[in-house]
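Numbers restart at 1 for each chain; the letters A, B, ... are given by sequence-line order, proteins then strands.
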There are 2 protein chains.
Amino acid sequence: MRQNPARRAALLDAAIEVLAREGARGLTFRAVDAEAGVPVGTATNYFSSRDELLVQVGHRYYERLEPDADLIADALSGPRDRDRVTELMRGIVERVTTFRSGYLALLELRLESTRRPELRELLSKRVRADLDFNIRNHEESGLPGDATTVVVLYLALNWLILERLTLPDVFPEEEIDDLVTEVVERVLPSRAAR
Amino acid sequence: MRQNPARRAALLDAAIEVLAREGARGLTFRAVDAEAGVPVGTATNYFSSRDELLVQVGHRYYERLEPDADLIADALSGPRDRDRVTELMRGIVERVTTFRSGYLALLELRLESTRRPELRELLSKRVRADLDFNIRNHEESGLPGDATTVVVLYLALNWLILERLTLPDVFPEEEIDDLVTEVVERVLPSRAAR
DNA sequence: AATGTAGTACTACATATGAAGTGGTGTCAA
DNA sequence: TTGACACCACTTCATATGTAGTACTACATT
């Protein structure tokens, strides 16, 4: 079992790309090797099984999904009203959509986790932690809305992103921003918009 | 290419189970044969390729997802207030969750559709039609809320179901009903609850 | 009633593909 | 010199799929 962390990370990033592009079906050691541009057999040396590869991909995804300091800073500057929240949500949706391969890979992992307890546990913890982090952050920011607001936004926007990435024709691209606005408007009534 | 429609449907139902249980990776002609309890080679005789099998599974899913007459009748009986909407949404969430294998299979298809234009087109049409159907229905029912309400509910509740089916530990089972209630409360402000 | 025909069910085999493991060689740095 | 890693060739293994052929059933024809 090889140790070189940079190479390991590169292999995991390659695995994310493969997962997104070819699905769980296409994720093989050899495909990862090819994607990473390393010689055949390298991935075999770094991961003892496909299972372990999947779990490590999960870790790697969240390692890359560091909370964005800029976004948090934005949230804390200027007026704390609903428009700010809308802006923030647009930013998040945009940011997540841009990391398309990561999001799709994570969906593949979610489906895989149905059959892999270890993976499920890892993802559950990470997702929950991410959600809690967002809730705490929101509450401390002084922005309108409570924990439930954040949860409902989390739910609606995640599916919006999924829809956008898997069936882009359902909601035309140019309507996405308006949709985000509408979601925020509904979830955060104007009386709370001060 | 065999014709027997009953047998074809049985094979497609088996394919849905296989997709849900073993993922796209496990979906092979042989696995479908085994699941359907028919002799080896049968699926081969009914589908010219794995691609065609996937597309037909998509059709089959929506064939089985007939709009539920009971649910619609429920919507039209009694008072048309927010509590009714909450009740309805709980019913829908429950119904979809119960057809676990179907929902998971559809998610697999969504991910597959990333790589298969024919599948993507089919799913886009169906999803859009389903959404439009729900919007029209809601508007005609006299229940509070407009088209946007339905869209936002669609988004939030779909992800809630996905979360529940893939990472059940994120939202404890006993909180699901309350969560649905909260979603409806946020999306449908009380001033519109008459 | 006997026979023919078409469609389907089933089985077995042949082919092909490619995935993973293993062992070995080369290379670099401590 | 030794140890860790990069790289490569080859073997093994599993399994997916296609094909070909036989058996069965229903229906039509005579």
Side-chain angles (χ1 to χ4, degrees), chain A residues 1-60 105 108-109 111-112 114-116 118-119, chain B residues 1-60 105 108-109 111-113 115-116 118-119:
Chain A
M1 182 89 68
R2 302 296 147 82
Q3 297 309 330
N4 186 337
R7 207 171 172 90
R8 179 175 297 265
L11 287 169
L12 291 173
D13 287 340
I16 288 176
E17 296 305 316
V18 172
L19 263 182
R21 199 179 56 241
E22 319 200 16
R25 197 177 163 72
L27 186 76
T28 66
F29 287 137
R30 297 296 144 98
V32 173
D33 292 336
E35 177 71 25
V38 298
V40 175
T42 306
T44 314
N45 289 332
Y46 275 82
F47 310 100
S48 64
S49 68
R50 193 167 168 280
D51 245 72
E52 199 194 308
L53 172 61
L54 285 172
V55 171
Q56 292 200 25
V57 166
H59 277 110
R60 175 64 183 164
E108 295 279 359
L109 288 186
L111 288 174
E112 277 293 317
T114 306
R115 292 150 235 139
R116 296 173 205 276
E118 196 188 349
L119 189 56
Chain B
M1 182 90 68
R2 303 296 145 81
Q3 298 309 328
N4 187 338
R7 207 171 173 86
R8 179 175 297 265
L11 287 169
L12 291 172
D13 288 339
I16 288 175
E17 296 305 317
V18 172
L19 263 181
R21 200 180 54 241
E22 319 200 16
R25 194 177 166 74
L27 186 76
T28 66
F29 287 133
R30 295 305 201 256
V32 172
D33 292 335
E35 177 71 26
V38 298
V40 175
T42 306
T44 314
N45 289 330
Y46 275 82
F47 311 99
S48 63
S49 68
R50 195 168 166 280
D51 244 72
E52 200 194 308
L53 172 61
L54 285 171
V55 172
Q56 291 200 25
V57 166
H59 276 111
R60 176 64 182 164
E108 294 279 0
L109 288 186
L111 288 174
E112 276 293 316
S113 78
R115 293 149 236 140
R116 296 174 204 276
E118 197 188 347
L119 190 56

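- Look at B:Glu22 and B:Arg25 and you find no salt bridge, because none of the NZ, NE, NH1 or NH2 atoms lies under 4.0 Å from a carboxylate O.
- Judged by closest nucleotide on DNA chain C, B:Arg2 is the one of B:Arg2 and B:Arg25 placed further toward the 5' end.
- In this entry the distance linking CZ of B:Arg8 with P of C:dA9 reads 10 Å, nearest Å.
- Contact annotation: B:Arg7 reaches the phosphate of C:dA9 (side-chain N/O to OP1 or OP2, under 4.0 Å).
- Here the C1' atom of nucleotide D:dT17 and the CZ atom of B:Phe29 are 8 Å apart, to the nearest Å.
- Between the P atom of C:dA9 and the CG atom of B:Asp33 lies a distance of 12 Å, rounded to the nearest Å.
- On a pure distance criterion of 3.5 Å, a polar donor-acceptor pair joins the side chain of A:Arg30 and the base of C:dA20.
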Going by atom type alone, with no hydrogens or angles, which donor-acceptor pairs under 3.5 Å involve a side-chain atom of residues 26-36 of chain A and a protein atom two or more places apart or on another chain?
residue, atom, partner, partner atom, Å
A:Thr28, OG1, A:Ala31, N, 3.0
A:Asp33, OD1, A:Ala43, N, 2.8
A:Asp33, OD2, A:Gly41, N, 2.8
A:Glu35, OE1, A:Arg21, NH1, 3.0
A:Glu35, OE1, A:Arg21, NH2, 3.0

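- Pairs engaging residues 42-52 of chain A under the salt bridge (Lys or Arg N to Asp or Glu O under 4.0 Å) rule: A:Asp51-A:Arg116 [sequence neighbours left out].
- Set against C:dA19, C:dC13, D:dC5, the side chain of A:Gln3 has D:dC5 as its closest nucleotide.
- Going from atom CG of B:Asp51 over to atom P of D:dA16 covers 17 Å, rounded to whole Å.
- Within a heavy-atom distance below 4.0 Å of DNA chain C, the residues of residues 35-48 of chain B found are B:Pro39, B:Val40, B:Asn45, B:Tyr46.
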